[in-house]
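Convention: sequence-line order gives letters A, B, ...; per-chain numbering from 1.
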Amino acid sequence: MSEKVLMKGNEAVAESAIRAGCRHFFGYPITPQTEVAAYFAKRMPKIGGTYLQAESEIAAINMVLGAGGSGARAMTSSSSPGISLKTEGISYICGSDVPCVIMNIERGGPGLGGIQPSQSDYFQATKAPGHGDLHVIVLAPSGVQEMADITYNAFDLAEKYRMPCLILGDGILGQMMEPVELPEPKEISAEDKPWAACGHENKREHNIINSLYLDPAELEQKVRARYERYAEIEKNEVRFEEYKTDDADIIITAFGATSRVAKSAINTAREMGIKAGLVRPITLWPFPKEILAKLADRVKAFLSVEMNMGQMVDDVKLAVNGKKPVYFFGRTGGIVPTAEEIVAELEKINGGAAK
Amino acid sequence: MSIVFKKTSMLTDAPLSYCPGCTHGIITRLVAEVIDEMGLAGETIGIAPVGCSVLAYNFFSCDMIQAPHGRAPAVATGVKRAHPDKTVFTYQGDGDLAAIGTAETIHSGARGENICIFFVNNAIYGMTGGQVAPTSLPGQVTQTTPYGRDVKYSGNPIRVCEMMATVTGTAYVERVAVDCVKNVRHAKEAIRKAFTMQQEKKGLSLVEFLSTCPTNWGLTPVKALEWLRENLMAYYPLGVYKDVTAEEEAK
Amino acid sequence: MINTSIIIAGFGGQGILFTGKVLAYAGMVDGINVSHLPSYGPEMRGGTANCTVCLCDEPVASPLVTRPDMIIVMNQPSYDKFKGSVKKGGKIFLDSSLISEYSEVEGVETFAIPATELARDKELNGLANMIMLGKVLKETGIFGVPEIEAGLKKAVPEKKAHLIPSNISAVELGMSL
């Protein structure tokens, strides 16, 4: 067991990636994720790894395609505007079935937006992280320990299903320090990737990492096969946390840093006699539909709290499927909802539909 | 009966998808032959572009990665950084390399990425049907410059070799053509030199091939070769633009 | 039983984030749950800096606090910004060497410490933050000197470990006020 250290979320992600065997990081500077790159820049040369600052976000994600496609554990990180630039590469990586890890320490948008925390890339991450029929696994940590653990496991998950894992954080999680127990370092062998384009040594047919299929029937078959894998993921990899849901009348849904504020609000609301609980999706895709559908039979209402204008709330509504009212409260532009604001929303709901 | 000619095993049996009379096929074969002759097939990873040679991943029998448009040097960088002892090359056209991928081209050069870039310049976007390219000549008629390329309106052609030779980090930059037997033979030597530079870890090599596009130029293959000699070679002179080994010897 | 949130604010260069780090480390060594959330962005450079530290027996719910139990403020803009946010029954610790305009806030205890002047007079240059921290320990009892010393050992990089004794002296001076 390693000793607990106080670390920024961004640094914990980088150290944890290294411990997961990632030796290739390609990045481009953008606030508020810069510590990730800085940490890799310091550590990688000492352990025989690559830290490369690319000429653009576009180049960085394509370097990940190259390194990942040739069998290496590779990663890139950015913040919202930079992720938009990476979407081209993400689509190709999905279409080529290449595993990799991407981190988005979200900031306010659209456009250059701001640099304060935000969750306004939920749609982008879960619905269209690139063009075409595709998904990436979207993981949403809510603290520094979880940043470390999720990053550590993301590489295995990406390789198991041969697709990108996107870690969706925000400025709070990236900048915040909390005690963290780092996972044990592991050695990774490239031998177990028979599909990788790393030179066939005249021992096998050539491997092709490719997303182009000019024959529609072949492309459809490829996409369908990928969707069968996605169905496996939806069956096996859904993760969420329940907090005080046992006797709850109102269920808050919130992810990432927002879920922490929601917990504070729930505790205050309970002192006021409002029975609130929380479902915190840890995987945003696959989305924890079943637990929400199950709770919809029992509770009185749902409240989705987000740092955006209402994005995850759509998935909550789909899961609840009209059985109970679904409310939304959000702040955007880099403003974090306060516990007081959430309590006020709970009071409104409790005094209205939920009574 | 003795075999006097045999297709290199570095090419698969997939039929080349290039138009009849296009010199892409010669260039593709030359690259394949050199890799084969140097015994590198088993340790080579090639990067296919978007453009006429997009299907290059089906032609070359080494491991291949198909890159997004213009991003081949970035993909090659990722491969080479993960496998510094393997041989890595990209095969790109003028739109791919000199328009959408300009940043990737220049910066892979500036980093001295130890890779080979084979750049086929036919002064037009071939696969999409003949639009003006970054290397189309002044006055050249294309689908999207139907009255001829007006440089005041749609810009000037980019001379890639001249530009890349100025970038510290590139090791070898040469422009060749495949319009006649002599030039074909020389082009093959240029390819061999580029791979040798990579083996010697000298940095980035770029070989530019002046190539024809009979289909989109609206010329017969023979006339296209004539047009190439008269017009393309005049604007894009053949020759070695940079060779760090020659510079080292001269010192 | 501890459940305290603290906002520490001042100019960049006053050791604001470091003070937060020492508190967080002290809590970590003491076995309680902690979080340290800094402000970030352009204001980090030469402007105001602040951080929020939560110390809690339970897992820290929200690391972002709008109504802190106490604030430690070391310049006028920070005092003006945060004085109204303190919970009823909470505490304000202010450096009166640098904050001239302050008044009692109803329901909140205010402690004015001329920390910057004291640091200068006692040859504890740059340690006004630790003097403030000492006063906080005295008035709240959240930690004793041993916990802070353990926190300092974690927060200070090895090559600067020789500075720990003077930091402790400053904390002790603060505790004597």
Side-chain angles (χ1 to χ4, degrees), chain A residues 22-26 44 48-76 86-93 95-96 98 100 130-131 190 195-214, chain B residues 9-12 14 17 35-36 39-50 54-88 90 100-111 113 115:
Chain A
C22 172
R23 290 294 178 273
H24 301 281
F25 178 88
F26 305 97
M44 284 301 203
T50 304
Y51 163 79
L52 197 57
Q53 184 169 315
E55 58 270 31
S56 66
E57 304 290 2
I58 297 170
I61 189 73
N62 281 288
M63 289 172 187
V64 168
L65 168 58
S70 62
R73 287 201 154 178
M75 178 174 180
T76 185
K86 288 187 196 295
T87 55
E88 173 198 57
I90 292 171
S91 176
Y92 279 71
I93 289 169
S96 308
V98 169
C100 70
H131 64 277
W195 49 264
C198 54
H200 55 52
E201 294 176 346
N202 303 311
K203 287 176 189 157
R204 55 163 168 77
E205 284 291 293
H206 69 154
N207 283 335
I208 300 172
I209 303 292
N210 172 45
S211 61
L212 178 69
Y213 297 92
L214 291 170
Chain B
S9 62
M10 245 305 285
L11 287 177
T12 64
S17 51
I35 293 170
D36 189 12
L40 299 173
E43 58 155 88
T44 297
I45 299 101
I47 316 297
V50 172
V54 64
L55 296 171
Y57 58 82
N58 279 336
F59 307 152
F60 294 112
S61 67
C62 61
D63 280 0
M64 295 293 296
I65 300 179
Q66 199 280 318
H69 201 22
R71 318 298 174 218
V75 174
T77 298
V79 176
K80 191 70 181 184
R81 295 289 176 133
H83 303 277
D85 297 324
K86 302 281 167 87
T87 302
V88 180
T90 74
I100 195 166
T102 315
E104 283 79 358
T105 306
I106 292 174
H107 285 275
S108 60
R111 288 192 303 268
E113 291 297 339
I115 58 171

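- For B:L55, the part lying near chain A is the side chain, with the backbone staying farther off; criterion is any non-hydrogen pair under 4.5 Å.
- Chain A forms more heavy-atom pairs under 4.5 Å with one residue of B:K86, B:H107, B:R71 than with any other, namely B:R71.
- With a 4.5 angstrom heavy-atom cutoff, A:E201 touches chain B via backbone and side-chain atoms both.
- Ranked by non-hydrogen atom pairs under 4.5 Å with chain A, the options B:E43, B:R111, B:H69 are led by B:R111.
- Looking at A:H24, the atoms closer than 4.5 Å to chain B (heavy atoms on both sides) all sit in the side chain, from C-beta outward.
- Between B:C62 and A:H206, the shortest heavy-atom contact is O-ND1, 2.9 Å.
- Proximity to chain A (any heavy atom under 4.5 Å) is shown, for B:T87, by neither the backbone nor the side chain.
- Nearest heavy atom pair, residue B:I65 against residue A:G66, reads CD1-O, 4.0 Å.
- Only the side chain of B:I45 comes within less than 4.5 Å of a heavy atom of chain A; its backbone N, CA, C and O stay farther away.
- If you measure heavy-atom distances from B:A76 to chain A, you find no contacts under 4.5 Å at all.
- The candidate from A:I208, A:N207, A:L214, A:N202 with the greatest count of non-hydrogen atom pairs under 4.5 Å with chain B is A:N207.
- Across all their heavy atoms, B:A74 and A:M63 have their closest contact at O-CG, 3.2 Å.
- Between atom CD of residue B:E104 and atom OG of residue A:S56 there is a gap of 5.0 Å, rounded to the nearest 0.5 Å.
- Closest heavy-atom contact between B:Q66 and A:S211: OE1-OG, 4.1 Å.
- Of the two parts of A:L52, only the side chain, counted from C-beta on, holds a non-hydrogen atom closer than 4.5 Å to a non-hydrogen atom of chain B.
- Side-chain contact between A:I58 and B:P68: absent, with no pair of heavy atoms (C-beta onward) separated by less than 4.5 Å.
- The heavy-atom pair separating B:D63 from A:A196 by the smallest distance is OD2-O, 3.6 Å.
- Contact annotation for A:R204: only side-chain heavy atoms (C-beta onward) come within less than 4.5 Å of a heavy atom of chain B.
- Residues A:E55 and B:A103 share a closest heavy-atom pair of OE2-O, 3.7 Å.
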